[in-house]
Trainee: 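Once you've had a glance at the structure underneath, I'll fire off some questions.
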Amino acid sequence: MRKLAATLYVAVTLPSITFGQTASASTEVIEKASKALVFVKGASAAGQQLGSGFLLSSDGKIATNLHVIRGMTSGGVQLASGEIYDRFVVLAFDERKDLAIIQVAGFDLPTIELGNSNGIRAGEPVVAMGNPFGLKGSVTAGVVSAVRDDFSGGFKIIQTDAAVNPGNSGGPLMTSDGKAIGVITSKLRGTESLNFAVPINYLRGLLSSLQTPMDLKALHLALSASGGDVFKDSLAFPSDWKSMMSGNRFLLRRDADRIYVEWKLSDRSRKIGRFFAAELTKHGSSSYTGLRRAVEVCATDSDVVTNRCPVAESEIE
C-alpha cells in the first residue's frame with residue numbers, strides 16, 4: 001500500500017472505541033498500543049513508499065508486511081514518540097503470507113502484546129491501527145467478519161470491517177484488550193468493509209526462525225533466489241463451497257487466474273430453467289472481479305415455465 005499524498009503528521013486524540021453492545025477498547029488500551037505503532041517510510045524505483053508496523057520487542061524488532069519494504073532501495077522507521085531510525089535490517093520474511101520482521105537499533109522500547117489468533121471468532125470486536133495515507137496513529141473499530149482460507153495462498157486470513165486504507169499495511173489488528181491478533185495486509189478493491197489481516201500466529205512462527213540480519217539489497221537477492229512456488233499447481237481449491245453468510249452453495253472451478261462459479265440450485269429450480277453463474281478474474285494477491293449472469297423464472301404453472309426473464313449481467317467483486 002503506497003502513499004498518494006504529501007506526508008502529514010496529525011496529533012490524534014484517542015477516544016474510547018465502542019462496539020455496540022459488545023466490549024469496548026478503552027482509551028488506556030489504545031494509548032498503550034499506540035506507543036508501539038511505527039511509521040515505515042522508504043524510497044523505491046516507483047517513488048515514495050509508506051506503511052505501518054508495530055514493535056514486538058524492546059530491542060527494536062518490528063512486524064510489518066513484506067510488500068511494504070520489498071521494493072525499497074532505502075528506508076527508515078519513525079516511532080510514535082517521534083524518534084527516527086534512518087536504517088533497519090531484515091530478520092525474517094515469509095513471501096507467501098506477506099510478512100516481515102525488521103529491526104532498528106532501539107533499547108527499552110514499548111511493545112504490543114501478541115494474542116492467539118487460533119481463538120478468533122466471527123463477531124469479536126477489533127481495533128485496526130496504522131498510518132493511512134501517512135496520517136500517523138489512526139485508529140478504527142469493527143468486528144471480525146470471518147476467518148477464511150486463502151485458497152490461492154494456502155493459509156488462513158482474517159476478514160474485518162474495521163476500516164483500513166493505503167498506509168495501514170503492516171499495522172496491528174487488535175482485540176479490545178490490546179492484544180495483536182493479526183497484521184493488516186489488504187482490502188478488497190472498491191469496498192469499505194472487506195479488509196484483511198494475516199493471523200498473528202504465523203508471525204509467532206516467523207519469530208522462532210530469525211535469520212542473519214540483512215539490508216534491503218540482501219533482501220532483494222534473497223527474494224530473487226527464493227525460487228518458484230512448488231505448490232502453485234497443486235493448491236487445494238474446493239469444488240463445493242458453502243457461504244457462511246447466506247447458506248448458498250456453489251460449484252467452483254479454477255483455471256489459472258480465473259474462477260468459474262455456479263450456484264447450486266434445487267432440482268425443481270434447475271428443471272424450470274433457473275441459472276446463476278459468474279466468471280471472476282484475479283487482480284493483485286487476493287482480489288477477484290468479474291460478471292455474474294442470471295436466468296430467472298418470473299412465473300410458473302407447476303413445473304411448466306410460463307414466463308422467463310431475460311438474462312441479466314452484473315459486475316461483482
Side-chain angles (χ1 to χ4, degrees), residues 1-3 10 12-20 22-40 50-56 62-65 67-68 80 97-100 110-117 119-148 150 156-203 285-287:
M1 293 184 179
R2 296 177 180 173
K3 179 176 177 296
V10 176
V12 178
T13 301
L14 298 172
S16 176
I17 306 297
T18 304
F19 308 85
T22 58
S24 63
S26 67
T27 53
E28 290 80 9
V29 167
I30 295 172
E31 185 173 10
K32 179 181 178 181
S34 294
K35 293 177 181 178
L37 186 68
V38 307
F39 178 48
V40 184
L50 305 178
S52 303
F54 55 98
L55 284 157
L56 301 170
I62 295 167
T64 188
N65 284 143
H67 80 256
V68 169
K97 301 178 182 69
D98 192 20
L99 293 174
T111 62
I112 290 180
E113 184 179 354
L114 302 186
N116 183 354
S117 55
I120 301 170
R121 296 292 182 269
E124 183 176 349
V126 288
V127 172
M129 302 185 69
N131 311 299
F133 299 107
L135 297 173
K136 301 170 188 175
S138 296
V139 182
T140 59
V143 299
V144 172
S145 303
V147 179
R148 301 192 179 281
D150 182 349
K156 293 185 182 299
I157 197 160
I158 303 167
Q159 178 186 332
T160 179
D161 65 353
V164 302
N165 285 289
N168 272 107
S169 284
L173 183 70
M174 303 188 312
T175 55
S176 56
D177 59 356
K179 295 180 180 178
I181 55 168
V183 181
I184 299 165
T185 186
S186 64
K187 67 179 296 180
L188 193 60
R189 186 181 59 181
T191 71
E192 294 300 327
S193 59
L194 293 176
N195 310 305
F196 302 94
V198 178
I200 206 70
N201 286 358
Y202 291 130
L203 185 74
S285 61
S286 60
S287 175

Trainee: Quick one: do Asn131 and Ser52 satisfy side chain to side chain donor-acceptor pair (under 3.5 Å)? Show the steps, please.
Mentor: CA-CA 6 Å; Asn131 311 299; Ser52 303; 3.1 Å; yes
Trainee: Between atom CG of Asn195 and atom OG of Ser186, what is the distance when rounded to the nearest 0.5 Å?
Mentor: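 Rounded to the nearest 0.5 Å, the CG-OG separation comes out at 8.0 Å.
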Trainee: Taking all atoms of both residues into account, what is the closest heavy-atom pair of Ile30 and Met129, and its distance?
Mentor: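 Looking at all heavy atoms of both residues, the shortest contact is O-CE, 4.2 Å.
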Trainee: Drop me the distance from Thr175's OG1 to Glu113's CD, to the nearest 0.5 angstrom.
Mentor: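 Output value for this atom pair is 8.5 Å.
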Trainee: Taking all atoms of both residues into account, what is the closest heavy-atom pair of Asn168 and Pro132, and its distance?
Mentor: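 Of all heavy-atom pairs spanning Asn168 and Pro132, the closest is OD1-CB, 3.3 Å.
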Trainee: Testing the basics here: between Phe39 and Lys136, what is the closest heavy-atom pair and its distance to 0.1 Å?
Mentor: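 Closest approach of Phe39 to Lys136: CD2-CE, 3.3 Å.
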Trainee: If I take atom CZ from residue Phe196 and atom CG from residue Leu173, how far apart are they, to the nearest 0.5 angstrom?
Mentor: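 CG of Leu173 is found 12.0 Å from CZ of Phe196.
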Trainee: Ignoring hydrogens, what is the shortest heavy-atom contact between Val164 and Ala128? Give both atom names and the distance.
Mentor: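 That would be CG1-CB, 4.1 Å.
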Trainee: Might you work through the side-chain contact (heavy atoms from CB on, under 4.5 Å) test for Ile200 and Val183, ending with a clear yes or no?
Mentor: CA-CA 6 Å; Ile200 206 70; Val183 181; 4.0 Å; yes
Trainee: So, taking the atom named CD1 in Ile112 and the one named NZ in Lys32, what distance separates them when rounded to the nearest 0.5 Å?
Mentor: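 Rounded to the nearest 0.5 Å, the CD1-NZ separation comes to 10.0 Å.
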Trainee: If only atom types and distance count, is the side chain of Asp98 paired as donor or acceptor with the main-chain N or O of Asn65 below 3.5 Å?
Mentor: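 Judged by distance alone, no pair lies under 3.5 Å.
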Trainee: Give me the atom names and distance for the closest heavy-atom approach of Phe54 to Ala180.
Mentor: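 Taking Phe54 first and Ala180 second, the nearest heavy atoms are CE1-CB, 4.1 Å.
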Trainee: List the atom of Leu203, the atom of Leu99, and the distance in Å for their closest heavy-atom pair.
Mentor: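 Heavy atoms only, the tightest pair is N-CD1, 3.9 Å.
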Trainee: Verify side-chain contact (heavy atoms from CB on, under 4.5 Å) between Lys97 and Thr185, making sure each step is shown before the conclusion.
Mentor: CA-CA 9 Å; Lys97 301 178 182 69; Thr185 186; over 6 Å; no
Trainee: Can you confirm whether Val29 sits close enough to Ser176 that some side-chain heavy atom of one is under 4.5 Å from a side-chain heavy atom of the other?
Mentor: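 The answer is no, as the side chains (C-beta and beyond) never meet within the 4.5 Å cut-off.
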Trainee: Determine yes or no for a side-chain-to-main-chain donor-acceptor pair under 3.5 angstrom, with Asp161 supplying the side chain and Val143 the backbone.
Mentor: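 Such a contact is found between Asp161 side chain and Val143 backbone.
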Trainee: Is there a side-chain contact (heavy atoms from CB on, under 4.5 Å) between Asn116 and Asn201? Walk through the geometry before answering.
Mentor: CA-CA 6 Å; Asn116 183 354; Asn201 286 358; 2.8 Å; yes
Trainee: Given Val144 and Thr160, is the side-chain contact (heavy atoms from CB on, under 4.5 Å) satisfied, shown in steps?
Mentor: CA-CA 5 Å; Val144 172; Thr160 179; 5.6 Å; no
